[in-house]
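Below you'll find the structure, written out as structure tokens, and then a few comments.
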Amino acid sequence: VSPSSPATPATPTTPATPTTPATPATPAAAGTTAAQSQAPHATGRPSREQAEAILARPAGSLSFGGSSGGRLIAGRRMPLRGRGFAFLPHIPARQTRWGVSELIDLIPRACAAVDAALPGTTVRLGNLSKHHGGRSQWHASHQSGRDIDIAFLVRDAAGAPADVDNFVRFGRRGRARHRLANGKTVEFDARRNLALVRALVEDPAVQVQWIFVARWLKTRIIAQAKAARVAAETIERLKRVLHQPGDSAPHDDHFHVRVYCSDEDRNHGCLDRGPVWPWIVRDDAGWRARVGQVSRVLLAPDAGLRRRGVQLLEALRAEPAIDALVASLDDGDAEVRRAALRALTTIGSSAAVPGLRRWLRTSADVEQVRATLAVMERLDPSLSGDLGLALLSHPDRVLSASLAAHVPDTLEAHAIRLVGLHHVAPAVPALIARIESPSRSLRLAAHRALGAITNQPVRDRMLIRGDRRGHAKVAAVWRRFWREHGKANWLTWMRVGLRARGYRFRSPGFGRRDVAELVRAVGHRDPIVAENAGRVLTSLTGHRYHAPHASRGARVRHWRRWWRRNGKRVRGL
């Protein structure tokens, strides 16, 4: 199993000064056509032809998206064999010999270098990507043409190079865990494997991000490098690039090599994930210029072009284009507006929130306002409770004048859900006011939110019918609670609610002697009561157990087990 990428997308940064020369960037980093190379110098609203030129894909191969979840466009196929390399026998039938040009050029070059240094070496290759990339039955990654599996180089018992017809697993002593099909035993050849990984990481034209390999085999390679007096700079590179992934098999039977996106591919939607090593040269200024180019397409006369421009900015994870994407929420085409919201969600930067706030004050489109609120919550979850409270109590601070004057039920329901979900205590008076709403759904939603916030066992039967007097009676119960306990803290509300349901506590406030009763309450049949008991336990112990789909019994067992193991170390109870 090959790993998915081990870290978050790498944000474009100013490259460090390179320690080795890099191949100069191609003349048109944003594409290959003459129109594209001229496009960065144009300003203002583009014509249809200019927009098409900006959006046009490069002429060569293109790695689009990440190694997991991406695809390969116009990829090249690796030859079956060449100087110093050949595919494992079972690989050709899989049709997984495709990759980006950079990888297809790198592997023969590295294998030839190994053969020149150590004559007679044949590097055995495994899977690259399928013809058009995407998922395969063999890998979660390898989806965008930038990954290749390579069998370890091995030697026989006499120390002579040995050939293999499949991957061979090696243990911590560098010996094969199983004999080969011919009955022979082989060992990990640290000398020749060092030559291979050096050829990969020292290549002057292609930049390698990862060579996944088991930790104990990496140790052998580094030890061999030190014994061979390899330059300290190269050893440092190997220490970083050679890596045992944490989300897949340890790679004790093959190398998994991944190269970075080329500058051209980055400018068209290729995504690197994980670190950018200090010696890597990246044209970040060119990437930012490319984002500026594509942002101009959002002013194109054709809605289809504008939509494609938004989608490409999403693919680029173009944070510098946030303002342009927010402006596209006012586009005359509904598809463009929806695409802009998706792009802002994918980019995932809270820097978009101020612009979205300003936009909310101008829009009268209820559905788009609701969708925008949902995006804001995802970009900055800490805002959610405050947004809900403002919508209920001061809608004019959030919405346009036309919507604030008569807040639609859908937005009120959204706000009620937020304050209940985030237990926003200041929202209680506004929620009580909604108990007498003409809308049955709002009445019940407000009642549930009040229960979530205060933990009180107020029944909702009279809210289901359209009897206004019944609604008023329920509201009166809530108002009485608020008069009597509104100034107390939330733990007091929890205690009052749990005692009303028959739970008994021995301490004046929650203490160590009350943990067993709280654990019992975690298994209550009412999800709100169970959740609130869990909130109290988290507050007391510092331990958070989030398993929304766990059964009542599973929740109780978890807390009992955790308290039995850790209770004595909990201070302050």
Side-chain angles (χ1 to χ4, degrees), residues 5 9-13 15 23-42 46 49-76 98-105 129 131-134 143-147 205-207 209 258-273 276 280-298 300 304-321 324-325 339 342-343 346-347:
S5 301
T11 303
T13 55
T23 300
T26 53
T32 56
T33 65
Q36 283 178 291
S37 63
Q38 294 170 3
H41 306 290
E49 292 74 21
Q50 288 174 326
E52 288 282 9
I54 291 171
L55 296 174
R57 288 173 175 160
S61 65
L62 172 61
S63 176
F64 186 85
S67 287
S68 299
R71 64 183 189 271
L72 175 62
I73 300 169
R76 285 174 50 195
W98 300 82
V100 290
S101 294
E102 294 78 19
L103 183 62
I104 300 302
D105 291 337
S129 297
H131 189 184
H132 300 292
Q143 294 192 33
S144 61
R146 296 187 288 115
D147 299 82
V206 178
Q207 304 182 121
Q209 181 184 28
R258 178 173 299 161
V259 300
Y260 283 105
C261 300
S262 69
D263 285 332
E264 183 177 66
D265 285 5
R266 282 182 71 213
N267 290 341
H268 288 269
C270 185
L271 294 176
D272 287 317
R273 296 179 66 86
V276 178
I280 297 300
V281 179
R282 292 162 74 93
D283 183 17
D284 290 329
W287 182 88
R288 286 188 290 271
R290 173 66 173 159
V291 170
Q293 268 188 292
V294 180
S295 296
R296 290 182 57 230
V297 176
L298 274 55
L305 290 171
R306 296 198 300 274
R307 184 172 66 253
R308 287 169 57 195
V310 169
Q311 290 168 342
L312 183 49
L313 290 173
E314 178 182 9
L316 292 171
R317 304 299 193 267
E319 189 170 345
L325 290 168
R342 284 195 299 270
T346 300
I347 293 169

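For the numbers below, each heavy atom of this structure counts, side chains included, while hydrogens, waters and symmetry mates do not. For clarity, every value in this text was computed on a predicted model and none was experimentally measured.
At distances below 3.5 Å, not a single donor-acceptor pair connects side-chain atoms of Arg266 with backbone N or O atoms of Cys261. Proximity of a side-chain donor or acceptor of Ser61 to a complementary backbone N or O of Val100 within less than 3.5 Å is not detected. Judged purely by atom type and a 3.5 angstrom limit, Gln209 has no side-chain atom pairing as donor or acceptor with the backbone of Val259.
Between the OG1 atom in Thr346 and the CG atom in Leu316 there is a gap of 12.0 Å [rounded to 0.5 Å]. To the nearest 0.5 Å, atoms CZ (Arg57) and CD (Glu264) are separated by 12.5 Å. Interatomic distance, CG of Leu72 versus CZ of Phe64, reported as 12.5 Å (0.5 Å rounding). Once rounded to the nearest 0.5 Å, the distance linking CH2 of Trp287 with CZ of Arg317 reads 10.5 Å. Put simply, NE2 on His268 and CD1 on Ile73 are 10.5 Å apart, with the number rounded to the nearest 0.5 Å.
Listed here is the closest heavy atom pair of Ile54 and Arg296: CD1-NH1, 3.7 Å. Taking all atoms of both residues into account, the shortest heavy-atom contact from Val281 to Gln207 is N-OE1, 2.9 Å. Considering all non-hydrogen atoms of both residues, Leu305 and Ala51 come closest at CD1-CB, 3.9 Å. The two residues Ala74 and Gly60 come nearest to each other via the heavy atoms CB-O, 3.7 Å. Taking all atoms of both residues into account, the shortest heavy-atom contact from Ala300 to Arg306 is O-NH1, 3.0 Å.
In this view, Gln311 satisfies the side chain to side chain donor-acceptor pair (under 3.5 Å) rule with no residue, not counting sequence neighbours. By the side-chain contact (heavy atoms from CB on, under 4.5 Å) test, Ile104 pairs with Arg76, Met78, Leu128, sequence neighbours left out. Every residue meeting the side chain to side chain donor-acceptor pair (under 3.5 Å) condition with Ser144, not counting sequence neighbours, appears here in chain and number order: Ser63. For the side-chain contact (heavy atoms from CB on, under 4.5 Å) test, residues two or more places apart in sequence or in another chain that qualify with Ala285 are Asp283, Arg288. The side-chain contact (heavy atoms from CB on, under 4.5 Å) search around Ala321 returns Val291, Ser295, Leu313, Ala318, not counting sequence neighbours. When the salt bridge (charged side-chain N to carboxylate O under 4.0 Å, His left out) test is applied to Arg307, no partner is found at least two apart in sequence or on another chain. For His131, the ring pair (Phe, Tyr, Trp, His ring centres under 6.0 Å) test picks out Trp98, with sequence neighbours left out.
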Determine, stepwise, if the pair Ile347 / Glu314 fulfils side chain to side chain contact (heavy atoms under 4.5 Å, CB included).
CA-CA 6 Å; Ile347 293 169; Glu314 178 182 9; 5.6 Å; no

If you apply the rule side chain to side chain contact (heavy atoms under 4.5 Å, CB included), what do you find for Leu298 with Leu325, and how did you get there?
CA-CA 8 Å; Leu298 274 55; Leu325 290 168; 4.1 Å; yes

Take Ser67 and Gln143 through the test side chain to side chain donor-acceptor pair (under 3.5 Å) and record every step on the way to the result.
CA-CA 5 Å; Ser67 287; Gln143 294 192 33; over 6 Å; no

Verdict with reasoning, Glu52 to Arg308, per salt bridge (Lys or Arg N to Asp or Glu O under 4.0 Å):
CA-CA 10 Å; Glu52 288 282 9; Arg308 287 169 57 195; 3.3 Å; yes

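In this structure the side chain of Val294 reaches within 4.5 angstrom of the side chain of Arg290, judged on heavy atoms.
A salt bridge does not link Arg146 with Asp265: every distance from a Lys NZ or Arg NE/NH1/NH2 to an Asp or Glu carboxylate oxygen is 4.0 Å or more.
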